[in-house]
Structures are given as structure tokens and as C-alpha cells.
Amino acid sequence: MSRITLVRGIGRLFTADGEALDDAALTIDSGTIEDGAPAGGTIAWVGAESGIDNLLTPDDEVDLGGALVTPGLVDAHTHPVYAGNRFAEIALRSAGASYAEIAAAGGGITSTVTATRAAPTDVLAEGLDRRLRAWLAGGTTTVEAKTGYHLNEPGELADVRLLSEWAGPGREGAGVEVTWLAGHDVGPEWEGDADGYSHEVARWCKAAKAAGARHADVFCDEGYFTVAQSRLMLEAAKAAGLIPRIHADELACTGGAELAGEIGCASADHLLRVDEAGIRALAEGGVVATLAPITALAMGHKPPARRMMEAGVTIALGSDHNPGTCGTTSMSFVVALAVAELGLSVAEALRAATAGGARSLRLADRGRIAPGLRADLVAWDADHEGAFAWSYGLSPLALWLAGRRVSLRS
Ligand SMILES: [Zn+2]
């Protein structure tokens, strides 16, 4: 039996699908239970509150008292499977050390790999669980989550299996899109042999797909993987049925964006130093640019967001949550920074954090509020989307994940 919930008293509805509506309402069809598994609730109807009288009698009714409602936010770039911390590096950065200098001194990804390899699976699972609950409590309903801190075959595959446990229904936390990132850095056992390691990663891709990964990513940049090595890993990932994405042109402009266009990546991420040729390649290849304003702030370099939008590139946003440089799970804070730092309007930043993120993850069923789409919905402690840019961390009042009301601790 499917149940219909009427949500009324929506002061402003930011649909990410055309103009925002004032004084709106919508209905949620909770979906049916098939073979014991919930099929997932969808949005059944959206319209003016004055149009409600023509509807069927709902099973439940919620009055939001004039609140702003948006699609559930999508965090399109995160690294949430790790142990340990790298707080000592903050002092090094304050003293002027660069990302590359910290990595050369044994910090960076390498220090997290050591801590993560030493951690039992239940410790990694507990940390992941805590973070995914925090994402959801902050209004993020879908999180792209990468592996990449084991850098050997059994560890990376175990990360995929761990993340896959949160990919389906039934968990208390944001839904996960699993990304295989064995190409995050060269595994310690292959130190000095990035070519050899790239060939290994290419061989592991089929097993990653079988273990539950949907996407594959590589760190194509100066000091990490070259364009040729990245191409090798991403072509193997594609052949294994994984959706390719790429860390591109973050530390230096090495041609990552052009490779993304050539391979047909769903997303190219960071792009702090992308050049005109790279921007053209993204536009022509229909590659989404996933930008991480917190990382841009930490690196002291901004991606040319406006230039990319003018060229017709779709923008998505990510927190880039990772153990080294960013611990936040607040996408509402990321939206505020995209406005303050990258020069996006509030509507552009919110579309990037919803519809743009869904597009970067090739998820056609969410990211906008329209009939037939997944009912991932957030009512915010605000009456207009402008509050995102002002508050630097807006709080949800009510939240639905795939049509199911999630209780928020007050
Ligand atoms: Zn990253």
C-alpha cells in the first residue's frame, strides 16, 4: 500500500528546475514495499498551495509554516573512509609549507594510508557511519564517497564493500555513491614506480565493479599520476563498467580536463588551474565541473567558475571532506562559500549543490523537485534561499530521504 503525504505551508520552494515558487505545496508518494525492500518514495505533485483542494485526500499532512524547501543537497566529492588525523600538518601549512612539500616530508595522503591500513574494519565503519549521519543531519541526502587510503588491492576492495553497505536503503545516514579511487596516489609498495602501480590498478577495476563500485576516479596532477597513467586507469575502469571521473588541474595545469573530455568523464574535479583549452574540452565533452570551494580557499587559488559557466559547463559542488584539509560535512556552508569565494549567485550555487551534483553522478532520479523524482527534500530554518549565503551553515528543520521522514535531533 502506498501512502500519500501532503506537505503544505512551503513559503518558498526552490525546485532547481526553473523558477522558485512562493506559497507552494507538494505531495510525496511513499512507495510500496516490494519483497520486503522499500521501493523508494517519489514526489507525486508540486504546485501552488491554493491548488491543493483538487487533490485526493492525503494519508498524512505536514505544515511547514512558511519554510524554504529545496531538493536534498548532493555532496559530489568526498573521501570519508580513513583513520587518524593530520592536525600536525596545519602548523606546517601555517609556516608556509606547500601541499607538495608536506607530501614530500611524509605527510599528506601517505600518512593517512599508514593510519588507515592499521585500523580494523569496525573502526573504519564506525567513522564512516558517524560522518554519513552528520551529512544527513546537515541536509545532504546523497554523498559521493571515494576509497583511496589503502592503495593495495585487498584494502581498496574492502573499502568498496564497506561503502556499498551504505549505498542501499535501510541505513541511518546519507545515501552513498561508491567511487573506486585506488588511483589516489602510488601505493607505498610501488614507491617510485607510478607506471607499474597504474597497470596494477587497471587490473583491479573489474573486481572493484563486482564489489559494488559505480564510479572510478584518479588523481591526475603534478606529483601524482600523469595524463598517460590516468588514461590507462580510466580506460580500464570504463571497460569494467565504471563511470569515470577525475581530479584534474588542481596543483598544476597538466591536461586533466582535456583527458576528461577525451575519455567522457562524468565529472572533472577541482580545476583550480584549468586553462582555456581545458574549459573547451569540458564544455564539448559534457563533463560536469565539480568544484570544492573549501579546498580552493585552503590552496589559495580559485577555479575560473564564471568562465566555465559562460562556456556552458555545468557546475557541481563538493565539500572534499578528507582527513588532511577539510573535516566539514556541511554542504550549506559549501554553498555559502561558492557564493562568497567563487562568485556564484545563490541560485547558481544551490543548483550546483543539487541538480549539478546529481548530473555529475549520472543520477537522473534526483537533484530537482518535480513529479516522478525521488523525494529527497529538505525544509530549512529560513524563508528564502538567500539565507544560505548569509548564514554560513543553514540548519534543516525537516528532511525526507527517498520519501521517508528522517527525525532530526534538536
Ligand atoms: Zn579529492
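First listed ligand is number 1; within each ligand, the first listed atom is number 1. In what follows, every heavy atom counts, from backbone to side chain, and hydrogens, waters and symmetry copies are set aside.
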**Asked** Hey, does the side chain of Arg273 reach the backbone of Glu250 with a donor-acceptor pair shorter than 3.5 angstrom?
**Response**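 Yes: the side chain of Arg273 pairs with the backbone of Glu250.
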**Item:** Whether Arg374 side chain and Asp365 backbone form a donor-acceptor pair below 3.5 Å
**Value:**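 No.
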**Message:** Can you confirm whether or not the ring centre of His301 sits under 6.0 Å from the ring centre of His270?
**Reply:**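 Between His270 and His301, which both carry aromatic rings, the centre distance is not below 6.0 Å.
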**Message:** Distance to the ring centre below 6.0 angstrom and angle to the axis at most 45 degrees; does that hold for Arg131 and Tyr82?
**Reply:**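 Flagged: Arg131 positioned over aromatic ring of Tyr82.
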**Request:** For a side chain to side chain donor-acceptor pair (under 3.5 Å) with His215, tell me which candidate from Arg362, Glu144, Glu177 qualifies.
**Result:**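 Among the candidates, only Glu177 passes.
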**Atoms of the protein (N/O/S only) found under 2.8 Å from the Zn ion (ligand 1)** =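 Under 2.8 Å from the Zn ion (ligand 1) - ignoring waters, which are not counted - the protein N, O or S atoms are His77 NE2, His79 NE2, His247 NE2.
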**Criterion side-chain hydrogen bond (donor to acceptor under 3.5 Å, both in side chains) on Ser319 and Asp75, from CA distance to verdict** = CA-CA 6 Å; Ser319 65; Asp75 191 338; 2.6 Å; yes
